[in-house]
A.B. asks: 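There's a structure below that I have some questions on.
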Number of protein chains: 4
Amino acid sequence: MAIVLAGHQYGKAENRVVRFQRDTPRHEIVDLNVTSTLRGDFADAYLTGDQTKVLPTDTQKNVIYAFAKEKGITSVERYALDLARHFVDRTGPVTAARIDVDVYPWTRARVAGEEHDHTWTRSGSEVRTVAVTVSGKRGAQEAHVVAGLKEFTVLKSTGSSFRDFLVDEYTTLTPTDDRVMATSLVASWRYDPAVIDAGDFGAGFDPDAAYEAVKGAFVTQFATLPSLALQQTLWHMGRAAIETVPEVAEVRLAAPNKHHFLYDLQRFGTENAGEVFHADDRPYGLIQAVVARDDVPPAPAAWER
Amino acid sequence: MAIVLAGHQYGKAENRVVRFQRDTPRHEIVDLNVTSTLRGDFADAYLTGDQTKVLPTDTQKNVIYAFAKEKGITSVERYALDLARHFVDRTGPVTAARIDVDVYPWTRARVAGEEHDHTWTRSGSEVRTVAVTVSGKRGAQEAHVVAGLKEFTVLKSTGSSFRDFLVDEYTTLTPTDDRVMATSLVASWRYDPAVIDAGDFGAGFDPDAAYEAVKGAFVTQFATLPSLALQQTLWHMGRAAIETVPEVAEVRLAAPNKHHFLYDLQRFGTENAGEVFHADDRPYGLIQAVVARDDVPPAPAAWER
Amino acid sequence: MAIVLAGHQYGKAENRVVRFQRDTPRHEIVDLNVTSTLRGDFADAYLTGDQTKVLPTDTQKNVIYAFAKEKGITSVERYALDLARHFVDRTGPVTAARIDVDVYPWTRARVAGEEHDHTWTRSGSEVRTVAVTVSGKRGAQEAHVVAGLKEFTVLKSTGSSFRDFLVDEYTTLTPTDDRVMATSLVASWRYDPAVIDAGDFGAGFDPDAAYEAVKGAFVTQFATLPSLALQQTLWHMGRAAIETVPEVAEVRLAAPNKHHFLYDLQRFGTENAGEVFHADDRPYGLIQAVVARDDVPPAPAAWER
Amino acid sequence: MAIVLAGHQYGKAENRVVRFQRDTPRHEIVDLNVTSTLRGDFADAYLTGDQTKVLPTDTQKNVIYAFAKEKGITSVERYALDLARHFVDRTGPVTAARIDVDVYPWTRARVAGEEHDHTWTRSGSEVRTVAVTVSGKRGAQEAHVVAGLKEFTVLKSTGSSFRDFLVDEYTTLTPTDDRVMATSLVASWRYDPAVIDAGDFGAGFDPDAAYEAVKGAFVTQFATLPSLALQQTLWHMGRAAIETVPEVAEVRLAAPNKHHFLYDLQRFGTENAGEVFHADDRPYGLIQAVVARDDVPPAPAAWER
């Protein structure tokens, strides 16, 4: 029996890059949290402490900040692709690179009814995410782009039931025809590799518009589907995302069922017809689904953290 | 020498009340985190363990949820006043009650361009706050209402300088004529007791509109004042709040200076003219100010947590 | 009516200072989070943007790190006093300075049963706190030292009841003779100014030993008092702290009642005699007390944040 | 092209179970955060909203609390195995179950030098973890047990260098022969399926002792290895874990490099020979390794969340 190094990777996590476009008086802001992960021929650093092939995480940080200016950020997806390809193409021992980005949304401040040129407030509670993986050196390169969102909290006050479920000796839940349904959605969707041309998106594709379209499809399904379970709602959200943005090959959804318990007011002689709830913290249901087109091959490499 | 009980209070913290208005197909949502604090004649509970005068915190919770239906929530300020007066007026040993509320904002979901009747998404990062203190029994009652916001993050990419400061042997800071200014504002404003008629707001006053007006005044000053320091910006924000909503007697502001450091790209031959920053976590400057009208007496009781 | 600047202060928050003593092969570690707050003649910075009297928060940071070496940290209380006196004595416009410190505990790692010379693991969940306030220039100076702890979580599985409380129409709580009592204690205690000689502790006083003695008194009371309410327990904890360390003039305690609800297993034919509980998050009772010696005058300035 | 449900699972997350053993005056405490995840034939719940095969997450919660009493918790690993097997064996549509547990450590309080019978304080900052996966019905069952820890913070003040690394045009890091090395370790180790007899540990194996032995091996390597990089330290930690507990088949380690930057005091004429550091928050290096015995087949199912 031998003990072996069966896997390894390393990188610089949570680089808080803020990039302004100041070419005109009307500035633009991009606010990011960027993590790099490099894979490759680094076993010596572990086994013998030989760092000859190790690009310092400090250097990765420098590239992450420098590219925000040198390459620019026309879209976060392209910026992440630029970073990943840089590490794979320019650093010999690197065989694959993954770039994870959290994007924090800002809204232009309004002053006297007008949008302000250089002031913003943080908007929404959701965080947009991008995960790019590039493997193989230039010429034989495979690239994956996964977009997503998290901390996207959505709630409906009616139009949700849960009944006719499996009952065993530990089941005490009462079926309901009308409940509050709320979740803080985590969703990721992988783009069809066919739309990523030579490691970049093709000319006709706008990842920002795709993001808004997918988010809109999620909201529409959540709001309008008379829900028999959060499971069913997730399936319809995933399906609608693919139908709305055909470049989406696969959607992964994880949704905590943020329970709202009707508060018992009858003890005080007061009727509570779905009006007053306690929003509970823990435990919570956690429902997950993967929805995919059957004509695009799976890509485990796109999802490997 | 004797050891004495020099102060005491107790209550139920963080009741997560969600209240829907369902009278018409177009529902309304109010999402709150409510904390009650009772003051009064509870020394025996501490000194001898005698609970005869102690209204359980569990009962306070029941009242907090029940009043969301029984009294309704025409405004969070009025709901908090109702709660505070209830504890003071109906529970013998209670001489004063404080109700703290965090209000989480939701935005109506849009489906096919239309606002949805019963679905919302969590909006904004800011939390609206209300703190009501009622002391004295009915007939000789004093009431204070403090409104506010927190986690209100605002940033400007230019229009801020910091120079000509005091220099000593430990000073290494370089003056700057153009920097990023960002903060996560915590602000509270006390309403003139004259507008609180018999423990309630007078007919002409709309606390929701006042909240929006104060927030708008904060944003306008932050955006438009060419800032010589965050101190100066805070003063103008506080002054503008009072000028915009005359019922405001006093404003308290606490603003972390969320430092954005220009990333040194010259080492890589790249110019960085205020475009790429590192958003740092800690340490941070913390600037505070109290701005007040000089014709309204101070009210320490309004601020005592 | 005029609008006035009614109060102001500023400083540098959360300086993460780690100090090693490396004079011998057996190193020592002190791990701190230090916040400075300066009060004084800074109105011009707010009213006109004139920074002439403003010592930058960046300079305060430099002093905080430099003093960790220049003055050393014989005790955190003395280090904080050194910092506060420095700002008051050396910076003209400063009339008072407050230094808040969180102290993170580390335990020496054990290797082959022996304590290691230069490796530690983070120990305990509690954070020790120090808050020092110095006002007035040298010669007419007043100093206050408040020590404390927070996130100190303690639990007892029996020896706690709650009954014979006030009952009204909203009361549904069942009295109990045996419950779990748990809290995450926040406590602060002010030392008698008489033990702070010329702004420093006298020769005979060891603040580290006092901290351990107070913590021990808290634990002993929590564990051994048959509790009729968390209120009663707090009173005895505060009283014991003063009795154990006579230099303590006043103790402030805030204790969330971390509710543990007995899980109803009878539905499954299983008895649950105080064995299986759900540890709930929110809401929670919050009980507060101030316990003081009656022969030391109150000192609001010691507590002003 | 069709859109398909390509994966799904669901469960109840973060059940906060606290279990006391009260058979003798000396009570015992086990404090857990338990998450169940069920896999199986649940597609109808997604595709058509048919819940016939869905065991409610509320029922899973009931089982989690009930088993804490009915089966007891002789070890957390066995309790998790009991839960997983219950869901697989007793619920028809379930083909696999995963149970994740966080274990919060408590230390018996000391009163007058003696351990107290029924009072504890929360100890350490680390959380022990257990993840059990059982797939296949009774008779053809595969079980995996992964133990671990997280938030285990360890620091050494010397004995760590980083030099002779790869240098490119973005590299500005200075090599160092003596630095602070600190991490908040996340580690998981999979036990050889051969030690899990019929879904349970064999008679001779004590998972609590194994946990302490692995933790001790980690600390010893971290402390004593003159480190050329965090990579090298992780390799030795993983190897030592397997050497110390032969039942360990595979170790996965993720270690943030919590950077401590030497504070520049020379600007103030003060030497800083590795004594005063700023503990930085973000970004941080993130180093990962998998160390395994080559005679035990890999088990991806053990790691699938």
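A note on names: the letters A, B, ... follow the listed sequences, proteins ahead of strands, and every chain is numbered from 1. The basis for the numbers below is simple: all heavy atoms, side chains too, and nothing from hydrogens, waters or symmetry mates.
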A.B. asks: Given that the side chain runs from C-beta out, which part of D:Asn15 has a heavy atom under 4.5 Å from chain A: side chain, backbone, both or neither?
C.D. replies: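 Backbone plus side chain of D:Asn15, per the 4.5 Å heavy-atom cut-off to chain A.
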
A.B. asks: Classify the side-chain pair D:Thr52/D:Asp50 by whether it contains a donor and acceptor separated by less than 3.5 Å.
C.D. replies: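 Yes.
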
A.B. asks: What are the residues of residues 288-305 of chain A, in order of number, with any heavy atom under 4.5 angstrom from a heavy atom of chain D?
C.D. replies: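 Result: A:Gln288, A:Ala289, A:Val290, A:Val291, A:Ala292, A:Arg293, A:Asp294, A:Asp295.
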
A.B. asks: For a 4.5 angstrom cut-off between non-hydrogen side-chain atoms, does A:Tyr79 reach A:Lys71?
C.D. replies: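 A side-chain contact is absent here, since even the closest heavy-atom pair is not under 4.5 Å.
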
A.B. asks: Could you look at D:Glu169 and say if it's the side chain, the backbone, both or neither that has a heavy atom under 4.5 Å from chain A?
C.D. replies: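 Only the side chain of D:Glu169 comes within 4.5 Å of chain A.
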
A.B. asks: Is the gap between the ring centers of A:His86 and D:Tyr170 under 6.0 Å?
C.D. replies: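 Yes, they do, as the ring centres are separated by less than 6.0 Å.
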
A.B. asks: Under 3.5 Å, side chain of D:His259 to main-chain N/O of D:Gly285, donor-acceptor pair present?
C.D. replies: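 Yes; at least one donor-acceptor contact below 3.5 Å.
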
A.B. asks: What part of D:Leu230 is in contact with chain A, defined as an atom under 4.5 angstrom from a non-hydrogen atom: side chain, backbone, both or neither?
C.D. replies: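 No part of D:Leu230 comes within 4.5 Å of chain A.
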
A.B. asks: side-chain contact (heavy atoms from CB on, under 4.5 Å) with A:Val101: which of A:Thr35, A:Val127, A:Leu32?
C.D. replies: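 That would be A:Leu32; it is the only one of A:Thr35, A:Val127, A:Leu32 passing the side-chain contact (heavy atoms from CB on, under 4.5 Å) with A:Val101.
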
A.B. asks: Please determine, by modelled atom types, if A:Ser160 and A:Ser227 share a side-chain donor-acceptor pair under 3.5 angstrom.
C.D. replies: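 Absent: no donor and acceptor within the cut-off.
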
A.B. asks: For chain A, which of D:Leu234, D:Val251, D:Leu47 has the most heavy-atom pairs under 4.5 Å?
C.D. replies: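 With the most close heavy-atom pairs to chain A, the winner is D:Leu47.
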
A.B. asks: Indicate yes or no for a side-chain donor-acceptor contact from D:Thr95 to the backbone of D:Arg39 under 3.5 Å, with no hydrogens or angles considered.
C.D. replies: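 Such a contact is found between D:Thr95 side chain and D:Arg39 backbone.
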
A.B. asks: Where does D:Thr59 contact chain A at under 4.5 Å (heavy atoms): side chain, backbone, both or neither?
C.D. replies: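 The answer is both parts of D:Thr59.
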
A.B. asks: Given a strict heavy-atom distance threshold of 4.5 Å, which part of D:Arg16 is in contact with chain A: side chain, backbone, both, or neither?
C.D. replies: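 Side chain of D:Arg16 only, per the 4.5 Å heavy-atom cut-off to chain A.
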
A.B. asks: Look at D:Ile242, D:Leu55, D:Thr48, D:Thr91 and state which one has the largest set of heavy-atom pairs under 4.5 Å with chain A.
C.D. replies: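 Highest number of heavy-atom pairs under 4.5 Å: D:Leu55.
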
A.B. asks: Check each atom of D:Ala66 against the heavy atoms of chain A and say whether the ones under 4.5 Å are side chain, backbone, both or neither.
C.D. replies: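 The side chain, not the backbone.
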
A.B. asks: Output the distance between atom CD (A:Gln231) and atom CD (D:Gln51), rounded to the nearest 0.5 Å.
C.D. replies: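 Going from CD on A:Gln231 over to CD on D:Gln51, the span is 5.5 Å.
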
A.B. asks: With chain A as the partner, which of D:Gly238, D:Ser161, D:Gly7 has the greatest number of non-hydrogen pairs under 4.5 Å?
C.D. replies: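 Maximum pair count with chain A is reached by D:Gly7.
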
A.B. asks: Is it true that a side-chain atom of D:Gln232 and a backbone atom of D:Leu228 form a donor plus acceptor pair closer than 3.5 Å?
C.D. replies: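 Checking the backbone N and O of D:Leu228 against the side chain of D:Gln232, a donor-acceptor pair under 3.5 Å is found.
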
A.B. asks: Counting heavy-atom pairs closer than 4.5 Å to chain A, which one of D:Tyr284, D:Phe165, D:Phe162 comes out on top?
C.D. replies: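 That would be D:Tyr284.
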
A.B. asks: Please determine, by modelled atom types, if D:Asn62 and A:Thr172 share a side-chain donor-acceptor pair under 3.5 angstrom.
C.D. replies: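 Result is yes, a qualifying pair exists.
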
A.B. asks: Quick test of your reading: applying ring pair (Phe, Tyr, Trp, His ring centres under 6.0 Å), list the pairs with at least one residue in residues 32-61 of chain A, sequence neighbours left out, ordered by first then second residue.
C.D. replies: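 Matches after skipping sequence neighbours: A:His8-A:Tyr46, A:Tyr10-A:Phe42.
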
A.B. asks: Under a 4.5 Å heavy-atom cut-off, does chain A meet the side chain of D:Lys12, its backbone, both or neither?
C.D. replies: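 Contact with chain A: backbone and side chain both.
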
A.B. asks: Between D:Asn33 and D:Glu14, is any side-chain donor less than 3.5 angstrom from a side-chain acceptor?
C.D. replies: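 Note: D:Asn33 and D:Glu14 side chains meet the donor-acceptor criterion.
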
A.B. asks: Among D:Ile64, D:Leu173, D:Thr57, D:Asp44, who wins on heavy-atom pairs under 4.5 Å with chain A?
C.D. replies: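 Ranked by heavy-atom pairs under 4.5 Å with chain A, first place is D:Leu173.
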
A.B. asks: Below 4.5 Å from any heavy atom of chain A, which atoms of D:Ser36 appear? Answer side chain, backbone, both or neither.
C.D. replies: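 Nothing of D:Ser36, per the 4.5 Å heavy-atom cut-off to chain A.
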
A.B. asks: Out of D:Thr233, D:Thr37, D:Val63, D:Leu253, which one racks up the most heavy-atom pairs below 4.5 Å with chain A?
C.D. replies: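 Ranked by contacts with chain A, first place is D:Val63.
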
A.B. asks: Using non-hydrogen atoms only, which part of D:Arg163 is less than 4.5 Å away from chain A: side chain, backbone, both, or neither?
C.D. replies: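 Answer is backbone: N, CA, C or O of D:Arg163 sit under 4.5 Å from chain A.
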
A.B. asks: Which heavy atom in D:Pro256 sits nearest to a heavy atom in D:Ser184, and how many Å separate them?
C.D. replies: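 Shortest heavy-atom contact: CD-O, 3.2 Å.
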
